[in-house]
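Here's the structure, in C-alpha cells; my notes come after.
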Amino acid sequence: MRFTVSSTALSSKLQALSKVINSKNSMPILECFLFEINGQQLSMTASDGENVMKSTIALDAADADARFAVPSATVLEAMRELPEQPLQFDVDLNSKNIIIHYQNGVYNFTAQNADEYPLVQPISGDSRTINLSCELLSENLNRTLFATGQDELRPVMNGVYFDLTSEGLAIVASDGHKLVRNINFNIKTDQPAAFILPKKPATLLKNILGKEAGDVTIQFNERNVEITFTDTVLNSRLIEGRYPNYNSVIPKNNPNRLTIDRKVFISALRRVLPFASESSQQIRLTLEMGLMKLSSQDIDFSTSAEEKLTCDYTGQNMSIGFKGSSLTEILTNLDCENVDLLLADPSRAGIIVPSQQKEGEDVLMLIMPMLLND
C-alpha cells in the first residue's frame, strides 16, 4: 500500500509522541510508533504501558487501510533533518518492508507486526467528565508541577490532584514542604469527584497544550483517565490512593502581610542564595515596617550575604527562615507583577499569593519555614 504525507506535519506529531516512550521498555514493541491508516487519515500511537498518546493527521493521499509499527528511533532520526516536502510511503504488509521516497533520496527499513501492540482499554464503569480550555489547563499545570513529590513511599504525593467540588475545580500539588493550589470557580459540580494524575502524563500535557487552542475533555473513573484535545487523545493510569486533606494545612489567619515586586524579590534571592549553606540553602527574611532584609551564611566556608529591599510590610517585626531554592521556585512559577507574602509567626507556614488574582481564579502557594539558629 502507498500513502503520502507532509514531512513537517509528521515530524511535529512524532516528536510530541516520542516523549511517551521510555528509554527502557518491558516489551520491545513499545519502542515503536503504531501507524494506523483509515481512509485519508493517519493515526500514530506511542505507549509506555501505562500512558498511551494517539494523534491524527490528514494524508495527502492513501490507496488502502493498514496497520503497522515503526521503530521510533529510526523514523525520528530520519524525519529530523528533512525540510518541508511530501513523503511517499510504500509499505509491503507481507514482508513488513517500508520505503520512504523524499526529494533526492530514499529510506528503506523494516516495520513490526501491529498485532503485538497493546490496545487501549476504554474508560468503563461509572465515569465523570470535566471540560476546560487548553490554555487554562496548561497554565495550571505550569504553575503546579514543580511542587509534586518524589517520595516512593508516598506515591499519592507524586502526582497532580484534581479535586472537583461544588465550589470549583482545585488543581493541587505538594511535596510536604511546599504546596500549590489553583481553584477555578467556573468549573464546578454538585457531585464531588477527584483523581491523581501522575507526573509523566501531566508533564506531557504541559508541554503540548501551550501550543494548542480549543477545549480539553477529561473523562475519568477510579483507575484511568482519557484526556482529549484537538486531534490528540492521552490515556493514563491514575495513581490510586487518598490524597491528603490539603486545605487543613493552609493557615486561615496570617495577619502579617508583605507586598513586593515579584521580579525584584527573585533577583535579590538569586544574589543572596549562593552564599547560603549548600546543604540547607537557608535564607533569613528580617521584616519591619517598609523594609525586608535578606541574608544568608555558610559557617563552614565563612561566607555570608545581606541585601535590603524596600517593600510594603504591615505586621509585627520578625525574622523567618525559608529554603531559598523553594522560595525562588514558587516566585518563578507565578506570573503576576506583585506578590503578597502572608505570615503568622516564624514557626508557621507562609502563604504566597498574587496581589491581584485573575477573575474566576484563586492561586495560592504555601512554603514551610526553616528553624533559624539564632
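These values consider heavy atoms only, across backbone and side chains, with no hydrogens, waters or symmetry-generated copies. Start at 1 with the first residue, then count along the sequence. Because the structure is a prediction, the values reported are computed rather than measured.
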**Asked** For the residue pair F68 and F35, does the interplanar ring angle fall in the parallel (under 30°), tilted (30 to 60°) or perpendicular (over 60°) class?
**Response**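 Answer is tilted, since the angle falls between 30° and 60°.
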**Request:** Over 60° means perpendicular and under 30° means parallel, so classify the ring planes of F89 and F3, tilted if in between.
**Result:**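 Taking F89 first and then F3, their aromatic rings lie parallel (interplane angle under 30°).
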More than 12 heavy atoms from other groups under 6.0 Å of [atom1] on [X]:
X: K24; atom1: NZ; answer: no
X: E84; atom1: CD; answer: yes
X: D63; atom1: CG; answer: yes

Measure from the side-chain N and O atoms of [X] to the backbone N and O of [Y], and report whether any donor-acceptor pair falls under 3.5 Å.
X: T56; Y: Q41; result: no
X: S296; Y: L273; result: no
X: R262; Y: L334; result: yes
X: Y161; Y: A194; result: no
X: N158; Y: D151; result: yes

For the pair [X] and [Y], find out whether any cationic side-chain nitrogen is under 4.0 Å from an anionic carboxylate oxygen.
X: K293; Y: E288; value: no
X: K188; Y: E167; value: no
X: R143; Y: E361; value: yes
X: D48; Y: K200; value: yes
X: K358; Y: E139; value: yes
X: E329; Y: K178; value: yes
X: R257; Y: D340; value: yes

So do the side chains of [X] and [Y] get within less than 4.5 Å of each other, counting heavy atoms only?
X: T217; Y: I227; result: no
X: L205; Y: L197; result: yes
X: L136; Y: V216; result: no
X: Q88; Y: I100; result: no
X: V20; Y: L204; result: yes
X: I320; Y: L285; result: yes
X: L238; Y: R223; result: no
X: I196; Y: V160; result: no

Just checking, is any N or O donor in the side chain of [X] or [Y] under 3.5 Å from an acceptor N or O on the other one?
X: Q281; Y: S325; answer: yes
X: N256; Y: Q316; answer: no
X: S72; Y: S18; answer: no
X: N97; Y: S95; answer: no
X: S277; Y: Q297; answer: no

**Asked** Hey, mind stepping through S43 and E36 against side chain to side chain donor-acceptor pair (under 3.5 Å) and telling me if it holds?
**Response** CA-CA 5 Å; S43 296; E36 297 175 285; 5.3 Å; no
Ignoring hydrogens, what is the shortest heavy-atom contact between [X] and [Y]? Give both atom names and the distance.
X: V180; Y: A147; value: CG2-CB, 3.7 Å
X: A66; Y: M1; value: CB-CG, 4.0 Å
X: S55; Y: L17; value: OG-CD2, 4.1 Å

**Asked** What distance separates N245 CG from Y243 OH, expressed to the nearest 0.5 Å?
**Response**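 Result: 11.0 Å between the selected atoms.
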**Request:** Could you walk me through whether T259 and S355 pass the side chain to side chain donor-acceptor pair (under 3.5 Å) test, one step at a time?
**Result:** CA-CA 7 Å; T259 302; S355 295; 4.8 Å; no
**Asked** Of all residues at least two apart in sequence or in a different chain, which pass the side-chain hydrogen bond (donor to acceptor under 3.5 Å, both in side chains) check with H101?
**Response**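 Per chain and number, H101 pairs via side-chain hydrogen bond (donor to acceptor under 3.5 Å, both in side chains) with D90.
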**R237 and N51: CA distance, side-chain angles, deciding distance, side chain to side chain donor-acceptor pair (under 3.5 Å) verdict** = CA-CA 7 Å; R237 190 175 299 165; N51 305 287; over 6 Å; no
**Request:** Output, in order, the C-alpha distance, side-chain angles, deciding distance and verdict of side chain to side chain donor-acceptor pair (under 3.5 Å) for T230 and E212.
**Result:** CA-CA 7 Å; T230 54; E212 301 288 342; 3.0 Å; yes
**Request:** Would you please test R67 and D115 for salt bridge (Lys or Arg N to Asp or Glu O under 4.0 Å) and show each step?
**Result:** CA-CA 8 Å; R67 294 176 78 248; D115 294 337; 3.5 Å; yes
